[in-house]
Participant: 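Attaching a single structure in structure tokens format; questions to follow.
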2 protein chains.
Amino acid sequence: MTGKHIHILEVAEQLFAEKGFDGTSVRDIAGKAGVNLAMISYYFGSKEKLMASLIDFRSGYTRGILEELNKDESLSSWDKVERLIDLYVDKILNNYKFHCIMTQHLPTVQSDEIREMITDIKAKNFEHVKKIITEGQRKKVFRKVDMELTVGTVMGTIAQVTSSKNLYCRLLNINKDDEEGYRKKMIPKLKTHLKQMLKAHLDINNQE
Amino acid sequence: MTGKHIHILEVAEQLFAEKGFDGTSVRDIAGKAGVNLAMISYYFGSKEKLMASLIDFRSGYTRGILEELNKDESLSSWDKVERLIDLYVDKILNNYKFHCIMTQHLPTVQSDEIREMITDIKAKNFEHVKKIITEGQRKKVFRKVDMELTVGTVMGTIAQVTSSKNLYCRLLNINKDDEEGYRKKMIPKLKTHLKQMLKAHLDINNQE
DNA sequence: TTTTATTAATTAAACGTTTGATTGATTTAA
DNA sequence: TTAAATCAATCAAACGTTTAATTAATAAAA
């Protein structure tokens with residue numbers, strides 16, 4: 001993977017996020033990336049394989065962070081939850097475009113291979129979060145909760161902020177083209193909200 | 001709007017949800033609906049206007065439900081939250097396909113008109129929910145929470161269940177093609193989870 | 001070191017197919 | 001009879017991909 005490969009992937013990422021996979025032509029990508037049309041087939045084989053390369057490229061670089069978090073014996077269950085939230089919010093808001101592709105276009109992707117790739121990544125993430133919550137329950141710090149949907153709530157809340165960006169820009173009086181301003185305002189807001197909510201949701205002292 | 005119009009919209013809805021707006025051709029729609037290709041232009045003007053018609057068609061029939069809920073003076077704030085959750089979960093899970101289109105394809109829709117349409121609907125929904133929570137706070141029943149993101153959590157959790165259906169089918173051992181089985185299992189699960197979580201999140205007795 | 005052979009990278013042009021939309025003829029219903 | 005509905009046929013444009021030719025880079029031979 002040379003720098004040129006990566007440059008094409010980054011351009012494709014932006015276009016896919018803005019216009020969708022089917023809404024983006026390989027000519028769009030080639031044009032914006034400043035490379036010849038044929039280079040995309042030459043480099044990646046096809047448009048579909050370019051997408052697979054993009055997923056591979058982006059999902060690779062955060063791999064391992066969750067493993068580390070889970071291994072850390074010095075952290076309390078509450079600490080782990082807080083760090084988890086920080087991690088996810090940062091990760092997703094700072095990879096806004098890629099996350100848009102992952103969530104928005106997943107159900108429309110026709111390729112079984114790509115769909116399985118994405119589901120696998122999500123399933124692996126789920127297992128890590130589940131481990132943290134289960135440990136907290138074993139330690140009698142967390143109460144019994146719906147495991148799948150508690151994870152779904154964390155993911156879904158963050159996803160909502162990216163997928164309904166237009167709405168939140170309007171509600172918070174942010175210029176909808178000011179990506180940086182949106183991130184700056186939304187990241188701490190998201191972290192605070194999720195921590196406050198999970199604190200109430202998971203606390204064993206809050207009875208059913 | 002005749003029955004034939006509606007039939008085409010329903011077919012288009014399913015295809016848009018499965019393959020995306022750009023991934024669906026008007027020939028796909030005409031073929032599956034059993035009408036002549038030219039009828040789509042004849043009826044709706046264009047593919048884009050068909051999409052606008054679909055949004056108008058689907059978003060119309062739930063309008064007014066939230067207004068009613070807010071007007072009901074006999075309900076406590078907790079009751080209203082519970083009813084709100086029931087309403088949203090039923091509405092979205094039973095209009096799974098349309099909701100997929102609304103959330104997944106919104107950011108990729110090029111037409112400003114359609115984007116504004118969707119954002120307007122969401123903003124209106126937000127105001128209704130905000131009203132319920134604000135009222136509960138005024139009555140000293142709910143604590144202070146992040147208004148925008150609390151609504152975002154409810155919406156996001158439900159959206160997550162529809163957009164990551166593949167993942168949840170795997171986690172819950174449901175055949176991923178069994179739409180009905182998924183709904184049957186997920187609707188009560190979602191309602192219980194959201195109620196439990198919001199109960200903890202909003203309760204004024206759960207201090208920061 | 002220079003020349004030659006081989007591979008890799010890049011290009012413009014063209015491929016066949018599909019796209020959204022429209023036409024003008026034909027059928028149906030009022 | 002007249003207007004609306006439906007049809008097959010057609011359009012130009014855009015699509016993803018491939019081609020054949022050319023340039024740049026590398027390796028082998030002199």
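Here is how names work: the chains are called A, B, and so on, in the same order as the sequence lines, proteins then strands, and each is numbered from 1. Values below: all heavy atoms of this structure, side chains included; hydrogens, waters and symmetry mates excluded.
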Participant: Mind calculating the distance between CE (A:Met39) and P (C:dA12) to the nearest angstrom?
Facilitator: 12 Å

Participant: Please confirm whether the ring centroid of B:Phe57 lies under 6.0 Å from the ring centroid of B:His5.
Facilitator: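 Between B:His5 and B:Phe57, which both carry aromatic rings, the centre distance is not below 6.0 Å.
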
Participant: Could you tell me the separation between the CG atom of B:Leu15 and the P atom of C:dG20, rounded to a whole number of Å?
Facilitator: 12 Å

Participant: Can you tell me how far the CG atom of A:Asp178 sits from the CD atom of A:Glu180, to the nearest 0.5 Å?
Facilitator: 7.5 Å

Participant: Contact class for A:Lys4 vs. all strands (heavy atom < 4.0 Å): base, sugar-phosphate, or nothing?
Facilitator: sugar-phosphate

Participant: Under 4.0 Å between any heavy atoms, over every strand shown, what does A:Thr2 touch: base, sugar-phosphate, or nothing? Just pick one.
Facilitator: nothing

Participant: So what does A:Ile40 touch, heavy atoms closer than 4.0 Å: a base, only the sugar-phosphate, or nothing?
Facilitator: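 If one applies the 4.0 Å heavy-atom cut-off, A:Ile40 turns out to touch nothing in the nucleic acid.
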
Participant: May I ask you to check if B:Lys165 and B:Tyr182 form a cation-pi contact, with NZ or CZ under 6.0 angstrom from the six-membered ring centre and within 45° of the axis?
Facilitator: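 Ring-cation test returns yes.
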
Participant: If you look at every strand shown and take non-hydrogen atoms under 4.0 Å, does A:Phe44 touch a base, only sugar-phosphate, or nothing?
Facilitator: nothing

Participant: Where the side chain of A:Asn36 is concerned, which of C:dA14, C:dT22, C:dT11 is the nearest nucleotide?
Facilitator: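 The listed nucleotide nearest to A:Asn36's side chain is C:dT11.
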
Participant: Rounded to whole angstroms, how far apart are CD1 on B:Ile29 and P on C:dT19?
Facilitator: 11 Å

Participant: Between A:Glu18 and A:Gln14, does a side-chain hydrogen bond (donor to acceptor under 3.5 Å, both in side chains) hold up when you go through it step by step?
Facilitator: CA-CA 6 Å; A:Glu18 284 170 9; A:Gln14 183 181 340; 3.1 Å; yes

Participant: Using only side-chain N and O atoms of B:Ser25, determine if any of them is under 4.0 Å from OP1 or OP2 of C:dT19.
Facilitator: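 Indeed, a polar side-chain atom of B:Ser25 lies that close.
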
Participant: Extract, from 5' to 3' on DNA chain D, the first and final nucleotides lying under 4.0 angstrom from some heavy atom of chain A.
Facilitator: D:dC15 to D:dT19

Participant: Can you measure A:Asp22 atom CG to C:dG20 atom P for me and round it to whole angstrom units?
Facilitator: 11 Å

Participant: To the nearest 0.5 Å, tell me how far B:Met186 CE sits from B:Ile158 CD1.
Facilitator: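 Output value for this atom pair is 11.5 Å.
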
Participant: Can you measure from CD (A:Glu148) to CG (B:Leu167) and round to the nearest 0.5 angstrom?
Facilitator: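 Going from CD on A:Glu148 over to CG on B:Leu167, the span is 9.0 Å.
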
